[in-house]
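Before any comments, here is the structure.
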Amino acid sequence: MPARSIEQIRNLCKRRGFVFPGSAAYGGLGSFWDYGPLGTELLNNVKRAWWRDVVYKRDDVEGLDAAILMSRKVWQHSGHEGTFQDPLVHSKKTGKPYRLDKLLSEQQQPVVAKLFQAVVMQPSNDSRWQDFARVLTYVTPEEAKDDEYALAQAIAREQSGSYQIDPSNRDAYVNAVIRLLNKSALQPECVAFGVTVDAIAKYLVRGSSQNLLTSAGVVERGDTGQTANAADWTEARRFNLMFVSHTGPVEAAAGTAEELASRVYLRPETAQGIFMNFAHVQRSLARKIPFGIAQVGKAFRNEITPGNFIFRTREFEQMEIEFFIKPPQFVREGEKTDVQWHDEWIKQRYEWWLGLGVDGQRLRQREQAADELAHYSKRTVDLEYLFPEFGWGEVEGIANRTDYDLSAHSRDVPEADLKRLKLEPNSDSVEKFDYFDPDAKARYIPWVIEPSAGATRAMLAFLCEAYHEELTKEPPQAEVEAIKAETPAVIKNAQKKQKDAEKESDPSKRKRDPAAIAAFCTALEEAATRLPQSLLEINALLEDHPGAQNLEPVKKLLPKVGKLAEDCTRVVLRLHPTLAPIKLAVFPLKANKAEIVDIAKRIKHQFQGFFRTVYDDSAGIGRLYRRQDEIGTPWCITVDFQTLEDNTVTVRERDSMQQQRLPMDQLKDYFLTRLHM
RNA sequence: GCGGGUGUAGCUCAGUGGUAGAGCAUCACGUUGCCAACGUGAUGGUCGUGGGUUCGAGUCCCAUCACCCGCUCCA
């Protein structure tokens, strides 16, 4: 039985040293994770398997490891800075994003005042008030008549809790502040009130902006597809996708020239490091197109909503290839076009996942729709894995990035190309990332196919795929019969609930879905006929079906099923041997027999230089096997009394649990062959 | 941001206003000839944090923090 929830995986990871919550001593830090001894091995194995496949086994790919921090100009010209820095709202009609602060600043002052009124008049004590209190303190006497300033200050003090405005005078106070806003709120030269517009935008980002946008009539223009209909707008969000830091000591305020001059971003993708080095690699290794550059490394995105364990984190690891090819107009008869290269990479990457043990039923290719394509992409196909609980999730994207990136970073790009790629001329760059093609006898900027996989996501997918709970021994007949005897009572009880649910004629008011209950009953009845093999399925049914645990017969039955299941079950990670964190565990059958212990330790020593090998004698042999099963160790060797007589040991295979005796001098061949080493 | 949930031993979790608990794990001693053996004993806790109610709070109330799930969102 495969993993039913991410929770199971997370527990196993924590318990056995794969992945720990980050900064745990201080209560944790949202969705940052530390990789423990086994997780490090597994992740390294994933990366190594990838590297071996796309670099070693090919004749046309080189490796690279570029710096995480790069010039800010890289991100300006790649398009990442402009797209992600500002609060955005999306028009649901056109699908286009709009900068909220820009929208606001285009509005007439009464609109903003109205908006402000909607904000201030809202009876609320949440933290948004405090934001406004802070904003209001930016209003200085020089910018307002004294009385209005005083009124604004009074409101500010009230928001911060240090002052109580007489309710009967409240409107007068608020109107005073609105008058202030009407005077200068949208004057760009007025710094203080410039902050106000930003603050309103910020407020809208955090609050329920839809109604406010509408009530204030902020978006009443028709020319860009904007409407005042709240349903046509998504909530505003600040897309600070890139983490900001600075090189050198900087104390300047954010947004000033001094601050911008030293600003750096933690890279949100590894790709740009490859583009920056395209010419270096091409020249220094005398590469001819087509060829690719592969890189594994950390990337950082300040995601709005991280989650699902290590699936979406703000710090993650990518495995990316940029594969450089001829632009379509230079492709000759018999050569592959960009479309063909793209298809080929999709196929090859798909097969990589299958080759490492992912079932084709849980891996699919999904074409990205036109409106979800990134700004650089002509076509992207995602490889998605069917995770437990949250379903299909992207583990790799294979994009046709055309010549967008290399053109964006090049000077002197012909105007026609700039227009085609919707790029501005690049006056910052001193380089032109073009290539002289000796066959075509022409210079061109190459096109790029980009297979980009998530290393940490891959690790999660492989863990989910490998996780199995299975029966290892026949449960006692009597207890199985007892469970069989009790299931009709559960079904009867559930059917009663189903009838109750059906009595409520309005489906939206039903507490339970009758169809779901019916499905539960059918599944349970069917599973009961397959006992004892179906023991774990029944356990899962009773545990997972919503509301099932409230049924009286289930309360009686579930503990019995759970106990029996636990007693007769093992957890096993059926990881591909290439990925397994530990390849081999060596045990002495008896820990207090010196000769046996000695031989076991010698075998461990023999292999530890080739791959991760462990020695363990801290429990009975059965328990030692189970421990290794749970962390996916494909082979265990047990040294026993017969070893002392004939130099053979037993090799126990994880998935089948079968053992065979092998002479010790054949062990090396046996394992190295199986690990393709 | 909204809604829901959780927070007690290293892990998984019980806990009815009245002495802080179990299983697993760890350590010690004994026992142990192949699939989670057993016995005896031991270590381990400011019950997320701060207030309050109470003679007495893990338990009730308020606040706060963190994490998880859902919604929104995710070039």
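Below, chain A is the first sequence line, B the second, and so on; all start at residue 1.
With P as the reference atom, B:U46 and B:G21 are 15 Å apart, rounded to whole Å. Nucleotides B:U8 and B:G15 place their C1' atoms 9 Å apart, quoted to the nearest Å. B:G39 and B:U32: their C1' atoms are spaced 12 Å apart (whole Å). Spacing of C1' atoms, B:A57 relative to B:C62, comes out at 14 Å, to the nearest Å. Between the P atoms of B:C69 and B:U40, the separation comes to 42 Å (whole Å). Spacing between B:A9 and B:G45 at atom P, rounded to whole Å, works out to 10 Å. Comparing the C1' positions of B:U53 and B:U59 gives an interatomic distance of 13 Å, to the nearest angstrom. Between B:C60 and B:G10, the distance separating the two P atoms is 24 Å to the nearest Å.
Checked against the 6.0 Å centroid criterion, the rings of A:Trp33 and A:Phe309 qualify as a close aromatic pair.
Across all strands, A:Phe587 comes closer than 4.0 Å to no nucleic acid atom at all (heavy-atom distances).
Considering only side-chain atoms of A:Phe641, the nucleotide from B:A75, B:G33, B:U12 that sits closest is B:G33. Of the listed nucleotides (B:U32, B:A75, B:C34), B:A75 has the atom at the smallest distance from the side chain of A:Tyr376.
Look at A:Asn11 and you won't find any side-chain N or O under 4.0 angstrom from OP1 or OP2 of B:C11.
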Every protein N/O lying under 3.5 Å from an N/O of nucleotides 35-38 of chain B:
residue : atom : partner  : partner atom : Å
B:C35   : O2   : A:Arg652 : NH2          : 3.0
B:C35   : N3   : A:Arg652 : NE           : 3.1
B:C35   : N3   : A:Arg652 : NH2          : 3.4
B:C35   : N4   : A:Met657 : O            : 2.9
B:C35   : N4   : A:Gln659 : NE2          : 2.7
B:A36   : OP2  : A:Arg626 : NH2          : 3.2
B:A36   : N7   : A:Thr569 : O            : 3.4
B:A36   : N7   : A:Arg626 : NH1          : 3.1

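With A:Trp447 as the aromatic partner, A:Arg401 does not meet the cation-pi criteria of under 6.0 angstrom to the ring centre and within 45 degrees of the ring axis. A cation-pi contact, defined as under 6.0 Å to the ring centre and within 45° of the axis, links A:Lys601 to A:Tyr615.
Annotated stems with RNA chain B as a participant read B:1-7 with B:65-71, B:10-13 with B:21-24, B:26-30 with B:38-42, B:48-52 with B:60-64, given as range with range, by first number; only runs of 3 or more Watson-Crick or G-U pairs under 3.5 Å qualify.
To the nearest 0.5 Å, atoms CZ (A:Arg652) and CD1 (A:Ile637) are separated by 13.0 Å.
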